[in-house]
Enquirer: 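Take this structure, written in structure tokens, and hold onto it; I'll ask about it next.
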Amino acid sequence: MPRRPPLRSLALTCSVVLATAACGGAPVAPAATSAVTTTVTTASATPPTTTTPPPSPTPATTTTPPAVPTTTTGPVVPAGRVVVLDPGHNGGNAAHPEEINKPVPAGRGQVKACNTTGTATGAGYPEHAFTWDLAQRVRALLTARGVRVVLTRPDDTGVGPCVDRRAAIGNEAAADAVVSLHADGSTAAGARGFHIAHSSPPLNAAQGAPSLELAGDLRDALVGAGFPTSTYIGTAGLSPRNDLAGLNLATRPSALIECGNMRDPAEAATLSSPDGRQRYAEGIANGILGFLG
């Protein structure tokens, strides 16, 4: 697909919310911690009751943006484009370790934990809340441009889905692009900046040039939005990986964004801010639209 220059972003307003464990970091399997696949109701002096949801949450799909003022400009996107947004982790994961710790296929002969709890800022803003809010903002911008958006989870209160199921949702949707949304939790001194992971070496045609182009378009758009590339992983904002299930199992153009380091105080402030999340959303949407155009 031809590369388009990044689109101009217009300001938006919104607000939101975000818990603990490293998300990305060095190319090693993320450690699973805890999970939730349901809702837990606790009453005083009454044992908590749990309702177990289906193993795979139904993907949320929409062509109508949320009731938030959103504006984008740029080249016309061809009709019928489908994008899958994969907001990392889930709000219920921590309460269901037995669910998120179960092993699932991760590609390249690997097996990994179903999911993890994700990381959090020092002030306690959790990654799962950040990624959920960010997904809503990116979805609004894309649907305003006529893109059909599918989310891998319908809310921020459930458990999972597992990493292999998240990849399957993108494949089954025949997505033109699949973008996983995360924030990192590195404790390395001076670790800051975003990086974008792509499958390497590629296991199929979609993981080759198309995924690398998608990663490059996202990188360029985020740099254009004023975000610095990672100081601690990858090169020039791109990080080839062979250990991430969502990328290993993809048969559609796919990339995973670690938007910044939630353990860095300055970046934590941006990631926790509605205005900061809107800036990330506009950069990501511009990168996706440039790839689709």
Side-chain angles (χ1 to χ4, degrees), residues 11-26 28-36 68 85-97 100 113 115-139 151-153 155-160 163 179-197 218 222-223 225-234 237 239 244 256-284:
L12 288 186
T13 54
C14 263
S15 58
V16 187
V17 300
L18 258 81
T20 290
C23 177
V28 293
T33 24
S34 25
V36 156
V68 185
L85 297 177
D86 176 29
H89 314 288
N90 207 330
N93 282 7
H96 289 262
I100 62 162
N115 212 249
T116 66
T117 58
T119 188
T121 66
Y125 183 54
E127 182 187 0
H128 67 78
F130 166 76
T131 64
W132 178 247
D133 177 62
L134 180 63
Q136 309 314 301
R137 295 171 184 273
V138 176
R139 178 176 67 176
L151 301 181
T152 58
R153 55 184 174 102
D155 52 46
D156 193 39
T157 58
V159 178
V163 288
V179 178
S180 294
L181 305 173
H182 289 262
D184 208 3
S186 175
T187 57
R192 64 190 311 269
F194 76 86
H195 62 273
I196 300 173
L218 289 166
L222 285 171
V223 168
F227 294 105
T229 58
S230 175
T231 61
Y232 62 102
I233 188 171
S239 177
L244 299 178
L256 183 150
I257 305 174
E258 296 281 6
C259 291
N261 185 10
M262 297 192 99
R263 293 299 182 174
D264 177 82
E267 289 199 324
T270 302
L271 294 162
S272 302
S273 158
D275 287 344
R277 293 193 294 273
Q278 188 60 34
R279 285 180 56 214
Y280 277 113
E282 291 172 357
I284 291 168

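Side chains included, hydrogens not; waters and symmetry mates left out as well; all remaining heavy atoms used.
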Enquirer: Would a distance-only check, ignoring hydrogens and angles, find a side-chain to backbone donor-acceptor pair under 3.5 Å from Arg277 to Ser272?
Expert: yes

Enquirer: Please give me the minimum heavy-atom distance between Pro87 and Thr152, naming the atom from each residue.
Expert: CD-OG1, 3.6 Å

Enquirer: For Leu85 and Arg139, which heavy atoms make the closest approach, and how far apart are they?
Expert: CD1-N, 3.8 Å

Enquirer: Under a 3.5 Å distance rule, please check whether Asp156 uses its side chain to pair with a backbone N or O of Trp132 as donor and acceptor.
Expert: no

Enquirer: Quick one: does NZ or CZ of Arg279 land under 6.0 Å from the six-membered ring centre of Phe227, within 45 degrees of the ring axis?
Expert: yes

Enquirer: To the nearest 0.5 Å, tell me how far Thr116 OG1 sits from Asn90 CG.
Expert: 11.0 Å

Enquirer: Looking only at heavy atoms, what is the nearest atom pair of Pro228 and Glu267, with distance?
Expert: CG-OE2, 4.3 Å

Enquirer: To the nearest 0.5 Å, what is the distance between CD1 (Ile196) and CG (Leu256)?
Expert: 9.5 Å

Enquirer: To the closest 0.5 Å, what do you measure between CD (Gln278) and OG (Ser273)?
Expert: 10.0 Å

Enquirer: Testing the basics here: between Met262 and Ala268, what is the closest heavy-atom pair and its distance to 0.1 Å?
Expert: O-CB, 3.4 Å

Enquirer: Rounded at 0.5 Å granularity, tell me how far CD1 in Ile257 sits from CG in Asp86.
Expert: 11.0 Å

Enquirer: State, with a plain yes or no, whether a side-chain heavy atom of Asp184 is found less than 4.5 Å away from one of His195.
Expert: yes

Enquirer: Indicate the atoms forming the closest heavy-atom contact of Gly185 with Thr119, along with that distance.
Expert: CA-OG1, 3.6 Å

Enquirer: Show your working on side chain to side chain contact (heavy atoms under 4.5 Å, CB included) between Leu134 and Ile284 and close with a plain yes or no.
Expert: CA-CA 10 Å; Leu134 180 63; Ile284 291 168; 3.9 Å; yes

Enquirer: Hey, mind stepping through Leu151 and Gln136 against side chain to side chain contact (heavy atoms under 4.5 Å, CB included) and telling me if it holds?
Expert: CA-CA 9 Å; Leu151 301 181; Gln136 309 314 301; 3.9 Å; yes

Enquirer: So, does Thr231 use its side chain to make a donor-acceptor pair with the main chain of Gly190 at under 3.5 Å?
Expert: yes

Enquirer: Which distance, rounded to the nearest 0.5 Å, do you find between the OH of Tyr280 and the OG1 of Thr270?
Expert: 6.0 Å

Enquirer: So which atom in His89 and which in His128 form the shortest heavy-atom distance, rounded to 0.1 Å?
Expert: CB-CB, 4.0 Å

